[in-house]
A.B. asks: 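If you scroll down you'll find the structure; I have some questions about it.
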Amino acid sequence: MTTNKRPLNLTAGFNRFMYGLFVVLSIYFWATNQFTSAFTNLGLALIFDPFKQEVSWQNRPRYQKVWLIVHLIVLFGLVGYTILKRLF
């Protein structure tokens, strides 16, 4: 009898772990007033999509879309704050 075993998909857990790690690093750098490192790590966190990457944007639940859009807004806010802080 032949059984079809699929290979274990570890990418979802890895992506969630890395996403969380970069978000925590970003919060740490923000708390220590290292805003350049904070927004860099927050931007890198988006590389590791914490949700299923196979699902297209149109088919994602609303809470996932809101989560990722808020993440981008915070990222752009940190970038803008860092630029304005260096100018003035």
A.B. asks: When the ring planes of Phe48 and Phe22 are compared, do they come out parallel, tilted or perpendicular, using 30° and 60° as the limits?
C.D. replies: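 Aromatic pair Phe48/Phe22 classed parallel.
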
A.B. asks: Quick check: do Trp30 and Phe39 have side-chain heavy atoms less than 4.5 Å from each other?
C.D. replies: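 Trp30 does not reach Phe39 side chain to side chain.
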
A.B. asks: With a 4.5 Å cut-off on side-chain heavy-atom distances among I, L, V, M, F, W and Y, is there a chain of contacts connecting Ile47 to Val74?
C.D. replies: yes

A.B. asks: Heavy atoms only: give me the nearest Ser26-Leu42 pair and the separation to one decimal.
C.D. replies: OG-CB, 3.5 Å

A.B. asks: Hey, what do you get for CG (Leu25) to OG1 (Thr40), rounding to the nearest 0.5 Å?
C.D. replies: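 Rounded to the nearest 0.5 Å, the CG-OG1 separation comes out at 11.5 Å.
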
A.B. asks: Distance from Thr82 atom OG1 to Leu87 atom CG, nearest 0.5 Å?
C.D. replies: 11.0 Å

A.B. asks: Using the rule that Ile, Leu, Val, Met, Phe, Trp and Tyr join whenever any side-chain heavy atoms are under 4.5 Å apart, tell me whether Val24 and Phe17 fall into a single cluster.
C.D. replies: no

A.B. asks: Can you see which heavy atom on Lys65 is nearest to which on Gln58, and at what distance?
C.D. replies: NZ-O, 3.8 Å

A.B. asks: How close do Ala45 and Tyr19 get, heavy atom to heavy atom, and via which atoms?
C.D. replies: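 Here Ala45 and Tyr19 meet closest at O-CD1, 3.0 Å.
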
A.B. asks: So, does Ser37 use its side chain to make a donor-acceptor pair with the main chain of Gln34 at under 3.5 Å?
C.D. replies: no

A.B. asks: Using the side-chain hydrogen bond (donor to acceptor under 3.5 Å, both in side chains) rule, take Thr11 and Arg16 through it: C-alpha gap first, then chi angles, then the decisive distance, then the call.
C.D. replies: CA-CA 8 Å; Thr11 57; Arg16 286 187 182 148; over 6 Å; no

A.B. asks: Do side-chain atoms of His71 reach the backbone of Val66 as a donor and acceptor pair under 3.5 angstrom?
C.D. replies: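 No.
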
A.B. asks: Can Arg60 and Asp49 be counted as an ion pair, charged N to O under 4.0 angstrom?
C.D. replies: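 Here Arg60 pairs with Asp49 in a salt bridge, since their nearest N and O are under 4.0 Å apart.
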
A.B. asks: Dump the intermediate steps for ring-ring contact (aromatic ring centres under 6.0 Å, His included) on Phe35 and Tyr81, then the final yes or no.
C.D. replies: CA-CA 8 Å; Phe35 297 109; Tyr81 177 78; 4.9 Å; yes

A.B. asks: Hydrophobic clustering (ILVMFWY, side-chain heavy atoms < 4.5 Å, transitive) - are Val79 and Leu72 grouped together?
C.D. replies: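 Looking at the clustering, Val79 is in the same group as Leu72.
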
A.B. asks: Once rounded to the nearest 0.5 Å, what's the spacing between atom CD1 of Ile69 and atom CZ of Arg62?
C.D. replies: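 Between Ile69 CD1 and Arg62 CZ, I get 10.0 Å after rounding to 0.5 Å.
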
A.B. asks: Give me the atom names and distance for the closest heavy-atom approach of Gly43 to Leu75.
C.D. replies: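 So the minimum-distance heavy-atom pair works out to N-CD1, 3.7 Å.
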
A.B. asks: Find out if a path of hydrophobic residues (ILVMFWY) with successive side-chain heavy-atom gaps under 4.5 Å connects Phe14 to Val55.
C.D. replies: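 No, separate clusters.
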
A.B. asks: Which value, rounded to the nearest 0.5 Å, describes the distance between Thr36 atom OG1 and Ile83 atom CD1?
C.D. replies: 9.5 Å

